[in-house]
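Quick notes on the structure that follows.
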Amino acid sequence: MTRGGKREGAGRPKGSNHYGEKTRPVRIPVSQVDRILRFVKEKENQLPLYACGVSAGFPSPADDYLEGVLDLNTHLIREPSATFFVRANGESMIGAGIHDGDLLVVDRSAQAKDGKVVIVALNGELTVKRFRKDKGQSWLMPENSKFQPILLKEEDDTHLWGVVTSVIHSL
Amino acid sequence: MIALADCNNFYVSCERVFRPALRNRPVIVLSNNDGCAVARSNEAKALGIPMGAPYHQIKKLCEWNGVTVFSSNYELYGDMSRRVTSVLARFAPDMEVYSIDESFLNLSGVKSPLLLSQRIRKTVGRWTGIPISIGLGNTKTLAKLANRLAKKKKTGCFEVSAGQDEVLSGIPVEDIWGVGPRLSIRLQRVGLTNALRFARAPSSMIRSIGGVTLERTQRELSGIPCLEMEQVPQPRKNTCSSRSFGRPVESLSELEEAVANYAVKATRKIRSEGSLASALQVFIKTNRFREDQEQYSNARTLAFDEPTDDLIRVVKNAKSLLRSIYRKGYAYKKAGVLLIDLIPKGAQQGLLFEEHGNPRRKEFVDALEEVASQYGQACAFLGAQGVKQKWSMRREMRTPRYTTSWDEIPVLKR
């Protein structure tokens with residue numbers, strides 16, 4: 001009797017894994033495993049956007065031009081870890097296109113320059129106004145003639161909370 | 001150079017981001033079921049509210065001093081923690097997330113770590129609204145120690161090196177990372193009352209008191225790195241899901257609901273990590289603080305014939321374990337489900353005569369999990385989990401989930 005060596009027919013039959021096809025191991029640095037798995041998962045969840053309408057029934061010649069995905073997140077959010085959503089209340093910023101109940105995308109990493117629409121913590125409450133700098137003074141400007149501009153004074157308890165980068169308004 | 005970035009009074013800081021009126025005011029956050037204070041603002045600390053103080057003991061004090069009290073809002077804290085961590089990761093790709101509010105960053109090769117730390121601190125503060133402190137040292141233990149001192153600095157950053165005797169001598173031995181209360185008593189008994197004395201003591205003496213682990217801590221204090229950065233969290237060996245009930249629970253059917261929910265939660269944890277559980281334990285307890293009531297607690301474990309992550313199987317078995325330990329007539333305070341000896345999927349030993357799991361069941365559970373994760377856990381769940389969940393946790397003073405639920409995002413002032 002021979003000892004050692006190959007034993008014919010031993011082991012799991014070829015192609016009988018639960019994928020039903022041949023598989024191939026891929027090496028990934030351990031430190032990157034989570035990142036890559038997350039990446040693959042995210043991609044799976046995104047809907048592919050086609051370059052032209054999809055015609056059912058026969059393969060579309062457009063399949064060769066699959067253009068990846070349009071992700072609203074990447075369009076609206078520059079810095080995910082610094083981006084928050086808040087809801088507008090009232091009409092004081094109607095001139096800037098901000099209606100009552102609109103969703104505001106707020107980026108805390110953006111610079112609050114003169115003319116930007118900002119979220120400010122004013123006397124302990126969050127509010128949205130246009131930020132204006134004029135002759136060394138800082139103003140919070142409403143965009144509605146029924147409201148008064150607010151001059152920011154040293155003694156006020158104010159701090160800049162974030163910059164509004166988009167308004168999402170449902171029709 | 002290693003940096004430890006630690007969020008200041010983390011839970012309180014999370015609440016303050018969305019409630020700016022609470023800046024400079026005393027605030028505390030309570031543990032599950034509004035039991036005890038688990039986070040305190042500096043103003044609350046100044047009022048003498050100790051960490052872990054039971055709420056019923058400090059309730060009056062809080063009312064008199066206008067302390068704002070919150071139930072814990074773990075959805076918010078988890079999301080804010082994720083944000084802080086991802087900002088930190090930009091500055092130091094080699095990092096170890098140590099807890100929900102602490103991360104070690106490897107800053108070796110950085111020319112001026114203190115300057116960078118200040119930039120990190122500023123960026124995290126501006127982007128997320130969470131104030132952090134950064135401690136710097138040659139080893140993790142020194143960085144941790146430096147962080148304690150950084151909290152007291154205006155700049156929020158501080159560096160400690162092994163040679164700074166005057167700094168080390170000002171640190172009580174119990175404040176060293178890795179020296180627990182029991183060890184510190186033994187160290188104080190032999191005169192090692194501060195970090196300097198501890199660092200200078202003969203290593204044989206340290207070893208005889210606390211073994212090699214304590215000796216490693218001593219070497220770290222002298223600036224010799226002994227603890228590596230752990231970038232990938234160590235796969236857990238066990239996972240537990242348990243909570244105290246909002247009110248005492250007596251009936252078996254309510255306990256079954258609770259246990260089913262904990263079983264689902266624990267199974268979800270291991271599924272998300274890609275592990276399988278080899279065994280399952282269920283425990284129940286009465287409230288041991290109620291000395292006027294009859295006490296009972298019990299636990300029972302079952303080993304699966306093959307490691308599993310099958311939700312339905314775990315729930316079924318958890319319920320039958322519960323029924324075997326349940327005794328009528330007690331007011332139960334807590335129950336829990338423990339999944340034991342987790343192994344990574346793919347490493348399991350097959351059964352001789354049975355295929356791995358039932359493929360149809362697997363598909364069903366996967367589909368259920370997908371629906372639940374896409375549309376919310378209220379959309380698809382097992383009947384065993386119950387609908388009303390009257391036993392569930394008390395969180396009466398919880399703030400909205402400002403960052404994780406569309407219905408609860410902050411509403412601006414009119």
Side-chain angles (χ1 to χ4, degrees), chain A residues 12 16-18 25 29-35 37-38 41 44-45 78-93 98 100-112 118-129 142 147 157-164 168, chain B residues 16-25 79-90 93-97 123-130 229-233 235 272-274 344 346 350 355-357 359 362-363 370 373-374 400 402-414:
Chain A
R12 178 171 57 76
S16 70
N17 61 29
H18 67 273
V30 171
S31 64
Q32 300 298 314
V33 170
D34 282 343
R35 252 190 72 199
L37 285 180
R38 217 180 309 130
K41 264 229 162 84
E44 275 177 354
N45 289 337
R78 208 173 49 89
E79 205 59 78
S81 49
T83 300
F84 295 86
F85 297 101
V86 300
R87 201 168 291 286
N89 187 4
E91 305 282 339
S92 72
M93 289 298 285
I98 299 175
D100 187 34
D102 279 358
L103 195 63
L104 308 183
V105 182
V106 183
D107 187 349
R108 289 184 55 109
S109 72
Q111 283 290 342
V118 295
I119 302 291
V120 176
L122 179 64
N123 297 323
E125 298 201 75
L126 297 177
T127 184
V128 57
K129 294 286 175 292
F147 291 80
D157 175 26
T158 48
H159 67 269
L160 223 62
W161 201 86
V163 175
V164 179
I168 300 172
Chain B
R16 277 178 167 167
V17 171
F18 303 94
R19 299 276 289 267
L22 298 177
R23 292 222 295 186
N24 308 318
R25 311 241 350 116
D79 181 65
M80 294 303 280
S81 164
R82 184 187 57 81
R83 290 166 184 268
V84 170
T85 311
S86 71
V87 179
L88 291 174
R90 292 170 165 253
D94 181 12
M95 72 183 278
E96 174 190 341
V97 179
T123 311
V124 171
R126 207 161 70 89
W127 290 24
T128 66
I130 301 291
M229 296 279 284
E230 283 165 21
Q231 291 169 23
V232 185
S272 70
E273 291 170 356
E355 279 294 306
H356 279 302
K362 192 185 164 302
E363 275 171 32
E370 205 174 321
S373 74
Q374 286 257 344
Y402 296 112
T403 60
T404 54
S405 166
W406 284 118
D407 297 331
E408 299 179 29
I409 63 170
V411 176
L412 299 177
K413 194 192 135 200
R414 204 165 251 283

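This structure is a prediction, so every number in the text was calculated from the model and none was measured. Proteins get letters first, then strands, A, B, ... in listed order; numbering begins at 1 in each.
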Counting heavy-atom pairs under 4.5 Å to chain B, which of [options] comes out on top?
options: Glu125(A), Arg87(A), Glu91(A); answer: Arg87(A)
options: Asp107(A), Asn123(A), Leu103(A); answer: Leu103(A)
options: Pro80(A), Ser92(A), Ala82(A), Ser81(A); answer: Ser81(A)
options: Gly90(A), Ser109(A), Gly101(A); answer: Ser109(A)

At a heavy-atom separation under 4.5 Å, does [X] approach chain A through its side chain, its backbone, both, or neither?
X: Arg90(B); result: side chain
X: Arg82(B); result: neither
X: Thr403(B); result: side chain
X: Val17(B); result: both

Checking side-chain contact (heavy atoms from CB on, under 4.5 Å) against Val86(A), which of Val128(A), Val164(A), Leu104(A) comes through?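 Of all the options given, the one that passes is Leu104(A).
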
Counting N and O atoms only, with roles assigned by atom type, does the side chain of Thr128(B) sit under 3.5 Å from a partner on the main chain of Gly125(B), one being a donor and the other an acceptor?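 Not confirmed, Thr128(B) side chain does not pair with Gly125(B) backbone.
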
Main chain of Thr83(A), side chain of Arg83(B): is a donor-acceptor contact present, judged purely on distance under 3.5 Å?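 Such a contact is found between Arg83(B) side chain and Thr83(A) backbone.
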
Pick whichever of Gly274(B), Pro410(B), Gly129(B) has the most heavy-atom pairs under 4.5 Å with chain A.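 Counting heavy-atom pairs under 4.5 Å, the top option is Pro410(B).
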
With a 4.5 Å limit on heavy-atom distance, are the side chains of [X] and [Y] in contact?
X: Thr127(A); Y: Leu412(B); value: no
X: Tyr402(B); Y: Met80(B); value: no
X: Trp406(B); Y: Phe85(A); value: yes
X: Arg108(A); Y: Phe84(A); value: yes

Measure distances from Ile119(A) to the heavy atoms of chain B and classify the residue's part below 4.5 Å as side chain, backbone, both or neither.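 Just the side chain, heavy atoms under 4.5 Å.
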
Answer with side chain, backbone, both or neither: which region of Leu160(A) has an atom nearer than 4.5 Å to a non-hydrogen atom of chain B?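 For Leu160(A), neither part sits under 4.5 Å from chain B.
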
Surrounding CZ of Arg25(B) (heavy atoms of other residues, nucleotides or ligands, distance under 6.0 Å), is the total greater than 12?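 For Arg25(B), atom CZ is not crowded (no more than 12 foreign heavy atoms under 6.0 Å).
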
